[in-house]
Each structure stands twice: as structure tokens, then as C-alpha cells.
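Convention: sequence-line order gives letters A, B, ...; per-chain numbering from 1. The figures here come from the full heavy-atom set of this structure, side chains too, leaving out hydrogens, waters and symmetry mates.
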There are 2 protein chains.
Amino acid sequence: MRLLIAKCEVVYQGRLGAHLPPAIRLVLLKADGSIAVHSDTKAYKPLNWMSPPCEIIETEEKITVTKAKGERLDITLHEVLSDYRIDMGEDPGLAKDGVEAELQALLRDRLNMMEDGLTLIRREYPTDIGPVDFLCRDTAGETVVIEVKRIGEISGVEQLVRYRDRLSLDPLLAPLRALYVATKIKPQAKVLAESQDIRCVEIPLEKLRETEGTRLSLF
Amino acid sequence: MRLLIAKCEVVYQGRLGAHLPPAIRLVLLKADGSIAVHSDTKAYKPLNWMSPPCEIIETEEKITVTKAKGERLDITLHEVLSDYRIDMGEDPGLAKDGVEAELQALLRDRLNMMEDGLTLIRREYPTDIGPVDFLCRDTAGETVVIEVKRIGEISGVEQLVRYRDRLSLDPLLAPLRALYVATKIKPQAKVLAESQDIRCVEIPLEKLRETEGTRLSLF
DNA sequence: AGGTGTATGTCGCAT
DNA sequence: ATGCGACGTACACCT
């Protein structure tokens, strides 16, 4: 990694055009071939950047970065205040939990936490407007379309309505109803869901984790 | 701005959980009160971060960051390799040339590229759920509700459906139909649009730029 | 390579 | 505060 602190001017031309007047900034050149220009504001976001693969050409007073599709970043260095390099070695990487993928994996083995007696027809059931998280059958033999979200917001309800409408065109799946599952569902999303005859189920992550899965409990 | 390079271990608990095993990383503390942990990969994204407002408490071997809503970032410093501070002064900020705005401006003078014989009733026609990009009349005297997007995705279709539903309540505007215009429209959005009787028109940006506007050609 | 959905998305702006 | 749309969204995952 290379940390270059300099008074510089930046021009980006690509998906849009952008210009940065001269000021002192941090230019961050990573080992992955990326480059980013940071000011002392904007939290974690750089003012300008280019992600790999890109070509970085450097002279005494200019860094020119180009990408395949005609994108271009020009950094004019007016004064270099510091130029520091360090070898960081390999990064062991990041472990995450609590994302939608984990939720789905947990729920797959705990279908009964969403509703008693559900059996799985298919996970990621494909439709031509996108995949349904879970397609299940209930004890009465009705098909249940399920959308899972980490945080249940309005847009998720709309997504679910689309899936239900789309699948209701298929006579093999009728009759059909929908279920909205999230660790937390926002009040307005609940209102919208209920107005669309969609049942909401909130399952806190801790509760999911502390229980054994249905599948496991069979053995 | 402060650039801290250290062998460190990071734990984030908040909207999700994340853990970083010990390794050499860059800890970036900005004047805006933000903090970000960067590795030598991942292009412009930090591995972990916290944006302001947040409270940063530092001891010899630990940085603890907390936010109002129970978010928490713990950085354990095993070995500090470098600790550099610099005053960057005010940043003059970023000037951008928008693309969405340009697209609309170009189309306004080229209504016939969306559909032959359109006349403009109003741009940014106001409704109580937001402004319609273009409201036009066609050769048959029908009102046409138009939504313009740079990239045509499903959510744009939904937006357009809401506008059409809303405006169809106004007897002065009936009969009414909708048109979805974008430089590129995604397949799933097309499917949804057509199922809602919405016509899709794709107009590449280059094509827009190379043509003269209708308005101009009148003179 | 292109399409789709997720994100600790973030960032504005309007309500 | 919440909702909604835009972003050079970036990014992983799939065909």
C-alpha cells in the first residue's frame, strides 16, 4: 500500500464528469491495483477513485489512470507532502454474519418458525422477474410464496406482491398466498403487507440461532 | 486526518456482526469524525468503518467506537507501525456533471425519439406522489405518462404504474397510457412493464447525442 | 461477458 | 425521524 499526501487537482471523465480544484488530499494506492483520492471529509467514501483493472501511469507531477471502457482519471500533483509505502502482507479477510444469506440458511432448517407445518418445494424458485426465496406448501396443501429480508421494508413487500402475482398465473401452483419474513419488519411495511393479504412474521436473529433446526431435530 | 498503520484485530457488532483476525492494516481517522479500516485489497471499500456521528475512545492498545443505535467497533492494536497526522484544511469540494439531468434535457428536445408525434403538456408534471418526468399528448389525443431512467429497472416500472394510477383518477387527463424510456431496459423490467400494458422504449445515449432536437429542426 | 439481487450500502431531499 | 430515488453505486453470484 502506498499513501501519497499531496496538494493535487483531479479530473474524472467516464460515466460522468467530475473536477476537483487544487487542495491537500490523500491518494491511496492499494496492492490490488486500485487508486482512491480522499479528502478529510465524506466519511469512508473517496472523492474520486478507480478500481482494478486499470492502468496507472505516473510521472513526476501527474498520475494518469485509464480503464478499458474509456474511463479516465487525471491527478495533477502540485506538491507532494509525503509518500509512504508499506507491505501489509496478505489479509486474512473478513468474516460476516447476520446477512440475508445466513438468515435463509437458518430458516431453511427451521421452516416451522415461519409457520407450522410448512414443507419446502424449492428454495430460490425461479420466475422470469426474479427468484422467490422460498416456495412452500402448507398443511392445507396451499402454495406459500415466501420473501426473506434482514430488515423488512416496503420495497420487500412490493417484491413479494410481484412474485405472488406472477406465480398466480400458473394454475399448477394455485391456490397461492404470501408470507413476509424478517428479523424486524417496519410498521409501514406491515401496514402495506396486511392490506395486500400478506402475513408478516418477525423472527429475531438470536431466536433463530438458539433453536435447533427442524431437519436436525428429525434425527 | 490521521493515518494509523498497525497490526490490529477488529470486531464490529451492529447491523451485522463482523470479525477481522490480526493483520497489518490502515486505520483512517478523518476530521469529519469518521473512522475506516483498510486492507491492501477491496479497492475503495474499507473492511470496517463507522461514520459520524460516533464516539471514538482511544487507549494505548484499543480504539472503541460506538454509535447511538447500539453499533460498536472495537479495534485492538497489537503493534503500531506508524501514526501520522496532517491538517488538510478545507476541501473545496467536488463538481459533477450529472447524467440523468442531461438525458431529460436531450429528450425534451427530441420527443419524437420516444414516440412519433408526441407533444409536451408538461415536464415534471406534479402529482401528490411525486413529479412525472414528462406528460405528453399523442397524435390520437391520448395523454401519455412518461418515466425516464438512465437504466430501466423494475423499480422504475413500479414508479410509473403508481403515477399512471394516480393520474387516471383525473377525468381531464383520460384516456391515459404509460411509456417507459431509458438508455437500456433490463429484461425483467420489460416483462413487468408489458404485463402492465406499458410500452418500453430504449434509446442509447450516443443516438440521443448525435441527433438534432425536434425543436431545433423546426427553425 | 452480461444480468440480477444484496449492501453495515451511502447520500440527498422531501414529507 | 422516515420514505424514496439516485449513485461513476460496488460486489457476489449466476447464466
Side-chain angles (χ1 to χ4, degrees), chain A residues 10-18 34 36-37 41-52 54 65 67-73 94 96-104 124 126-133 147-151 153-159 163 186-189 191-192, chain B residues 10-18 34 36-37 41-52 54 65 67-73 94 96-101 103 126 128-131 133 147-156 158-160 162 184-191:
Chain A
V10 187
V11 175
Y12 167 77
Q13 281 297 333
R15 280 172 277 186
L16 56 56
S34 66
V37 181
T41 56
K42 293 227 164 192
Y44 84 66
K45 281 197 132 177
L47 295 167
N48 273 310
W49 71 94
M50 201 78 98
S51 48
C54 61
V65 190
K67 255 191 129 166
K69 233 174 15 182
E71 281 181 296
R72 173 184 190 84
L73 187 64
L94 181 63
K96 285 185 185 181
D97 58 86
V99 289
E100 190 178 321
E102 190 196 354
L103 266 186
Q104 279 203 33
E124 299 290 333
T127 77
D128 52 6
I129 56 167
V132 174
D133 287 339
E147 176 66 30
V148 176
K149 283 273 181 283
R150 201 162 49 79
I151 307 291
E153 308 196 347
I154 285 177
S155 60
V157 179
E158 285 171 336
Q159 198 179 346
Y163 292 146
K186 298 201 168 177
Q188 299 201 0
V191 171
L192 178 62
Chain B
V10 187
V11 175
Y12 167 76
Q13 282 297 333
R15 280 172 277 187
L16 54 54
S34 65
V37 182
T41 57
K42 291 228 163 192
Y44 90 48
K45 261 214 146 182
L47 296 166
N48 280 106
W49 70 93
M50 200 79 97
S51 48
C54 61
V65 190
K67 254 191 127 163
K69 233 173 17 182
E71 282 181 294
R72 172 186 190 85
L73 187 64
L94 181 64
K96 283 184 185 178
D97 305 326
V99 170
E100 169 97 14
L103 188 55
D128 52 5
I129 55 168
D133 288 337
E147 175 66 29
V148 175
K149 283 270 181 287
R150 207 159 48 79
I151 306 291
E153 307 196 347
I154 282 177
S155 58
E158 285 172 335
Q159 201 179 342
L160 182 50
R162 285 200 298 272
K184 183 83 181 57
I185 299 178
K186 300 200 168 178
Q188 298 191 354
K190 266 185 205 170
V191 171

Atom pair distance, as rounded to whole Å: NZ in A/Lys69 and P in D/dA10: 10 Å
Spacing of B/Ile185 atom CD1 relative to C/dG2 atom C1', expressed in whole Å: 17 Å
Under 3.5 Å donor-acceptor, B/Tyr44 side chain and A/Lys45 backbone: no
Shortest non-hydrogen separation from B/Pro46 to B/Ala36 and the atoms involved: CB-CB, 3.9 Å
Euclidean distance, atom CG of residue A/Leu103 to atom P of C/dG5 [Å, nearest integer]: 18 Å
Which residue lies more 5' along DNA chain C, comparing B/Asn48 with A/Asp128 via nearest heavy atoms: A/Asp128
Exercise: identify the closest heavy-atom pair between B/Asp133 and B/Glu147: OD2-OE2, 3.2 Å
Nucleic acid contacts of residues 149-156 of chain B, taken as heavy-atom distances under 4.0 Å to DNA chain C: none
Most 5' of B/Leu73 and B/Gln188 on DNA chain C, judged by nearest nucleotide: B/Gln188
Whole angstrom value for the distance that separates P of C/dG5 from CD of A/Gln159: 7 Å
Whole-Å distance separating the CD atom of A/Gln104 from the C1' atom of C/dG5: 11 Å
Touch class at under 4.0 angstrom, heavy-atom based, for B/Lys184 against every strand present: sugar-phosphate
Separation of atom CG in A/Leu47 from atom P in C/dT10, rounded to whole Å: 18 Å
Rounded distance in Å between the C1' positions of D/dA6 and C/dA7: 15 Å
Side chains of A/Leu47 and A/Val10 in contact at under 4.5 Å (non-hydrogen atoms): no
Sugar-phosphate only, base, or nothing, as touched by B/Gly14 at under 4.0 Å among non-hydrogen atoms: nothing
Partners passing side-chain contact (heavy atoms from CB on, under 4.5 Å) against B/Glu71 (at least two apart in sequence or in another chain): B/Tyr12, B/Arg15, B/Met50, B/Lys67
Euclidean distance, atom CD of residue A/Glu158 to atom C1' of D/dG3 [Å, nearest integer]: 11 Å
Heavy-atom closest pair, residues B/Gln188 and A/Asp128: CG-O, 3.5 Å
Taking every non-hydrogen atom, the tightest pair across A/Ala43 and B/Ser34: CA-OG, 3.4 Å
Contact summary for B/Lys42 and A/Leu94, nearest pair of heavy atoms: NZ-CD2, 4.1 Å
Sugar-phosphate only, base, or nothing, as touched by A/Met50 at under 4.0 Å among non-hydrogen atoms: base
N/O (side chain, A/Arg15) to phosphate O (OP1/OP2, D/dT9) under 4.0 Å: yes
Flag, side chain of A/Glu102 to backbone of A/Gly98, donor-acceptor distance under 3.5 Å: yes
A/Lys186 vs D/dT2: side-chain N/O to OP1/OP2 distance below 4.0 Å: no
Residue B/Arg162, side-chain atoms from C-beta onward, closest of C/dG5, C/dT8, D/dG5: D/dG5
Table of protein N/O atoms under 3.5 Å from nucleotides 11-15 of chain D N/O atoms:
residue, atom, partner, partner atom, Å
D/dC11, OP1, B/Lys42, O, 3.4

Nearest-Å distance for atom pair NZ/P, residues B/Lys190 and C/dG2: 15 Å
Rounded C1' spacing from D/dG8 to C/dA14 in Å: 25 Å
Stepwise side-chain contact (heavy atoms from CB on, under 4.5 Å) test for A/Ile151 and A/Lys186: CA-CA 8 Å; A/Ile151 307 291; A/Lys186 298 201 168 177; 4.0 Å; yes
Under 4.0 angstrom between A/Trp49 side-chain N/O and D/dT9 OP1 or OP2: no
